[in-house]
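Labels below follow one simple rule: chain letters A, B, ... track the order of the sequence lines, proteins then strands, and each chain is numbered from 1. Predicted model, so just to flag it, every value in this text is computed and none were measured.
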Amino acid sequence: MAMKKIGAVLVIGAGIGGIQASLDLADLGFKVYVIDKSPAIGGIMAQLDKTFPTNDCSMCILAPKMVEVGRNPNIQLFSYTELVKLEGTAGNFIATIRKKPRFIDESRCKNCGVCASVCPVRVPDEFNETLTVRSASHIPFPQAVPAIYLIDPEACLYLQKGICRLCEKVCEAHAIDFNQKEELLTLNIGAVILSAGADTFNPSILPQFGYQSFENVITSTEFERILNASGPFGGHVVRPSDHRSPKKILWILCVGSRNRKLNNNYCSSVCCMYSIKEAVIAKEHDPNIEGYIAFMDIRAVGKGFDEYYQRAKELGITFLKARVSNLEEDPSTQNIIVSYENIETNTFHTEEFDLVVLSVGFQPSNSTRELCKTLGIELNEYNFCATHPFNPLMTSKPGIFVCGTLSAPKDIPETVAESSGAAGMVSSLLQSERFNLIVKKEYPPEFDVENQEPRIGAFICHCGINIGAVVNVPEVVEFVKTLPNVVYAEENLYTCSQDTQEKIKQIIKEYNLNRVVIASCTPRTHEPLFQNTIREAGLNPYLFELVNIREQCSWVHMSEPLNATEKAKKLVAMTIAKARLFRPVKELSIPIKQSGVVIGGGIAGLTAALELANQGFEVVLIEKEKELGGLVKNIYYTLENENPQEFLRNLINEVNTSEKIKLLMNANIESISGYIGNFEINVRKKGELETIQAGIIIVATGGQEYKPTEYLYGEDERILTQQDLELKISGGELNAKQVVMIQCVGSRNETRPYCSKICCSVAIKNALKLKSLDPEIQISILHKDIRTYGFKEPYYEKAREVGINFIRFDENRPPILEKHGDSLQISVYDIFSQKELSFNPDLVVLSAAFLPTDNEELAQMLKVPRDQNGFFLEAHVKLRPLDFATEGIFLCGAAQWPKFIPETIAQAKGAAARAAIILSKESIRVPGITARVNEDLCIGCGSCQELCPYNAIEMRYTEKLLERGSIRTYQAHVLEAVCKGCGTCVSACPLQAINLPHFTNTQILEMVKVLTKEAAK
Amino acid sequence: MTPNIVAFLCNWCGYAGADLAGVSRFQYPPTIKIIRVMCSGRVDPVFILRAFENGADGVLVCGCHINDCHYISGNLQAEKRVEKTKQLLKAIGINPDRLRLEWVSAAEGAKFATVVKEFTEFLEKIGPLIT
Amino acid sequence: MNVLKLSPEELIKYCYQCGRCTGICPLGEISFYSPRILIHNALMGKPVDPQRLAQCSTCDLCSSKCPMDVMISEFVREERHKLRQSGMILEEAHFGIFSTLARLMAKKTWKANLNDYFPKEIQFSDTSEILIFTGCMSLFETYFEYKYTNIAKSAVKILNHLKIKPQILKEQVCCGHDLFWGGDYENFRLLGEQNIELIERNGVELVITICPECYRTFKLDYPRYVRNYNFKVISFSEFLDLELKEGTLIFPYEIPRTITYQDPCRLGRQLGVYDAPRNVLKAIPGIKLKEMERSREDAICCGVSAWMNCNLYSKAIRMDRLLEAQQIADTLITNCPHCLIHFNCLKNEYAETEKKYTLEILDFKEFIAKALLLG
Ligand code: FES
């Protein structure tokens, strides 16, 4: 008999992948336990300064997600915790975990930092890559989640030598607990997601780079910290030896990757881009910096990457085609002397640099290797977690899924997409248990406070000594009591402590309060806590506001207690003035049509539809052709020598037999209207119009191969594209002896500045195939860079092994193909030999660009944007790769960017999971802070609609009644489900007809008034 | 003279940056009082003008760096509106540098403190708006 | 115009409660707004509904029909003033930005710089006896992102073309019209004093205004509410009309266009300038000037003044007016920047497919400059 399934999931590793998986799982209705061996979550991403190619601030985009993990009632976070063992089978496992002691009571620590300020110990700070020091009692970084200190037992004087205990004396919260022991816990779960990531390569084992011996040779991660404003040097680019600004910096790529000696034959996929980014940002910080990048191939394969690479060149970053031969240190200056051969110029150089950055790749860590062993799952030859190309998120053990860099080197958006996909696979497995273990909080009914005179209660926090030592809290309390409508004011040692919450509730009742103002710390972390408290007391959560007198007052004006106190008063007075104008804000609930539509029947669309069906939802799959399969119809084998046709047949078969999936073939979409949960799609099929209602839409419209206009394509049957070639090979109708392949035909040029990502690997795949069919065949591949990233790299190696020639040509000197009589002649200038070469091939294969399908009309109907190359544009290229900015619409596959089958499958599963989050609910609650239109005032000018980034405002043509007669005009209408509440529209309205609750014009003006008018007095 | 500065900070970057300045104990003058808005795109020229009318000496608007806005493009609107307001200020004769727009990320606590320090010094130098 | 000698309170005593005003009021047609009832309530000592007070566009179509010469706009403004004194502020469109700016200009601690947009080729003379008063064009241009300063630029270009290099005031402030009509007399006076003082100090004999609101303010309201001054004021249209009559203004180029002219309420009904702009327009060869059915004394206004009453009702009036113009002409000539702003707003408003309003809307000064190939 099968064991009962458990609706809970264990997520191992809380970097960006684990974070995304946890959030998605909780939203999908599962209880989540997430463990991380570090004391704070965030992984590598938390250490990064900026992210490519948008130069987004890494912490800015990551921190809100970390906070959400810490706060979500259905995610239980165990930091500083490791897995001990896992027993059971898919659907019902028992995990044993070990929680290491922090020596600080998590429930008491208020994150005030007093313990660290008195701690006498200084040890290297890991978060800053040991470029700075920290104390034994510390928090890994300021935005850490959980926001709880810990004592490093290795460093602590008391734990090591039995002396000190200073921290214990100063902690007003009595949180220090030297008796804490390690704890073993068991968790009953239905599935596991592995997102433990990979390490960065440790260059110490390669002595030629001098990482150990030369101070001015650092790793790229160290350089990230140096760039960071909260890093060791406050964001000033200086080198470690003398803290001087370096002038010449060299990045050395492929350190620890593409290396057979180390058995690291793979490419780490991300180093090219992050190195370019680091060089660009460094130059932004200090324009005097000269950046040099020593590369083998620049693998700028993602969206906007090649454009970023070109921009870096324009900015003056120098790219040296070289794998550096030797590094030495000039002992007098500590500069690094680098010898290398520049392959593009065939010249030798010995050059001095002030700083050398080793762009280190990914390497599976020992601990994850151990972890996989504990779990009994298979590793691949490089010790990454083994997966099958057509099932990229599944480990060798049922019920255990994998995402992120644990299975292969990859960048952030890919990791995020996989994480959502893995969450989706869990959701299919545990479908029956959805919502069973989820807690839903019940609150008492809200009091009606409309038309009541404001009765405001104010609580002013000492925060131990954090506020009270600078701000005269009793004086603030006395002042607050004099303000109109304040009926109660008191001070607390810790307003956030559990007993104070009870007290607040009691006082609300006792004094009949209908507004609450708390002056303590930042709303970014504490607002939800207090909102919850007053909600429990029966008040709407928006009858509350937090005044920040810690981060933005006592902590930043420490030497000016009088002024700080005055400022605190003003801030509280301002908030009380706003509080008088508080109105309850009702959360809205939007009904959801619990079925989906998938547009496009290639593998992306098929997989997405099937995933949704597996999770229990009805799906309509719309395909404009008469056959399913899309591009994969033309793929007969993969680089890894799998058979995609068989896979496709199975997939189509499953879709065909699924009761939940309805297929609309030969179908044309005529119009789309509605919004999240309530879309209406009109489809025409053989003249008949069908209207489909759906809660979500997944766009999987795929791509196509470019039909070249260059290189005599179409004029001679010996000139083929890779797709043509594959068809011919599979038909067995080829018999060529001399083959030349030309890369980047139609890509990386003026019209299409982007890299088509897949063509290098496709060329190698076909070349290998030809070679295997006829070992005598001569094949030359003419290229600009070989971009076989990740685990494609070993095939590049294999291709060289079997004698395929690679000829690198200059971007500005593409090969020339001519026809002389009946013979084809190709001439090309070969950079490697610095010679003009000529070929007389009997077959020329063009690696043609990858284009999106014609999607302009669809984009207009969906009101979603496309990027400059015509691919659909996701909401955020890093952290929301599968969502459109418009809620309820998702994308996956080649519609977003060229990609391989495994990537497409992972994305499709991810998109389906994101969509299932919505579909799994009968209605969704949207936060009440969304723009509201006063219909009496709106005259329909459309100014708001024009600038809403989410298309959340719809202009509806209506008949509006006047006191006499009526007028036909447009009228702005906010789609509450779509509005995010930024309030940008409010300032655009000429008539104050649109407003944002809790941030209304009157409220803000009132605050301005208190800060100015009364200040003047 | 101590200048009075009214600041509008977006929740996700500017305000977070100011929080980080606090957590890192970067000291800056208490001239600045912060009004939190969800996005810098919420800041209306009239908020700024009223602050000046009522006697503020300076107004600071902080949002996320371009491309980083939590709401995609609110900061572009903020940039436009602040630029507009500066032009209006100039036309009616108020030094437009009394209004400052800064992009401060959640990681730029030090930058926030520096901005406040420099702005305060600048306002001290040019004196109060209304004498 | 001697009615202006009486205070609004005295004026309304003549009201018969005959209802002619309400019957002709474009608002009365679509709302319960009634000038008659407002007056009645005031006479009875009952509170006047602030919403209704704000609703009046003070266009004086009613007053022009009143058999007893009751100037209803004056009465409305006075009531707004009283409301303001009692601490109540009436809502303004655009979040009150223009009155905020005007109040900031009223403060004398800094010097305004409204005229900083003329290109070098436009010529001024610091000693000229003629001064051009340009109003707030630069503020409109910045705020509405539309070339409203072209109105002023065109006006001076035309003067230059007529061999006149006028003076311009560097530190000129807003005339205060909108504050005045919103009932803020205090700041209005501060602005008026600054302008009069500046103009007098610069030895000016003649002030030419390019905005009807400035014109009215200088001509009627400064003497009564601020103080008398020793210069003359004339509107740009009247000035050109004089030049035309003297033969100095000649239009050598043919402009084949069918146009119609929108009488601004300040220039038309309130100051009686109807013919001057028409004379000038008709002097352009090729121009067909068609009159809308409701023109001159009967003209319908753009719907808004002093940014007070933009709403569905004024929009209805505006839509009606624009369609009326569109039926007979391909170009609508406005003579007040406010009319232009409001009609532009309507013309450019959201439309799903095609825009409903196709006619071109141009300011009088700009149009004349174009006709002289000065644009
Ligand atoms: S959220 Fe920071 S500027 Fe928009």
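Between chain C and the residues B:E83, B:K80, B:R81, the largest count of heavy-atom pairs under 4.5 Å involves B:K80. Comparing C:I97, C:N115, C:L104 by how many heavy-atom pairs each has under 4.5 Å with chain B, the most go to C:L104.
Rounded to the nearest 0.5 Å, atoms NZ (C:K108) and CD1 (B:I130) are 14.5 Å apart. Atom CG of C:L139 is separated from atom CD of B:Q87 by 10.5 Å, given to the nearest 0.5 angstrom. Rounding to the nearest 0.5 Å gives a distance of 13.5 Å between NZ of B:K86 and OG1 of C:T142.
Within the 4.5 angstrom heavy-atom criterion, only side-chain atoms of B:D44, from C-beta onward, approach chain C.
A salt bridge between B:K84 and C:E141 is absent, with no side-chain N of the basic residue lying under 4.0 Å from a carboxylate O of the acidic one.
A donor-acceptor distance shorter than 3.5 angstrom exists from the side chain of C:W110 to the backbone of B:I92, with no hydrogens or angles considered. C:K111 places no side-chain N or O within donor-acceptor distance of the main-chain N or O of B:G93, the cut-off being under 3.5 Å.
Summarising the local packing, NZ of C:K82 is surrounded by more than 12 heavy atoms from other residues, nucleotides or ligands at distances under 6.0 Å. Heavy-atom contacts from other residues, nucleotides or ligands closer than 6.0 Å to CD of C:E200 number more than 12. Surrounding CD of C:E197 are more than 12 heavy atoms belonging to other residues, nucleotides or ligands, all under 6.0 Å away. Enclosure of atom NZ in C:K219 by more than 12 non-hydrogen atoms of other residues, nucleotides or ligands within 6.0 angstrom is indicated.
Of all heavy-atom pairs between B:E53 and C:T100, the closest is OE1-CG2, 3.6 Å.
Of the listed residues (B:L89, B:L88, B:V46), just one forms a side-chain contact (heavy atoms from CB on, under 4.5 Å) with C:L101, and that residue is B:L88.
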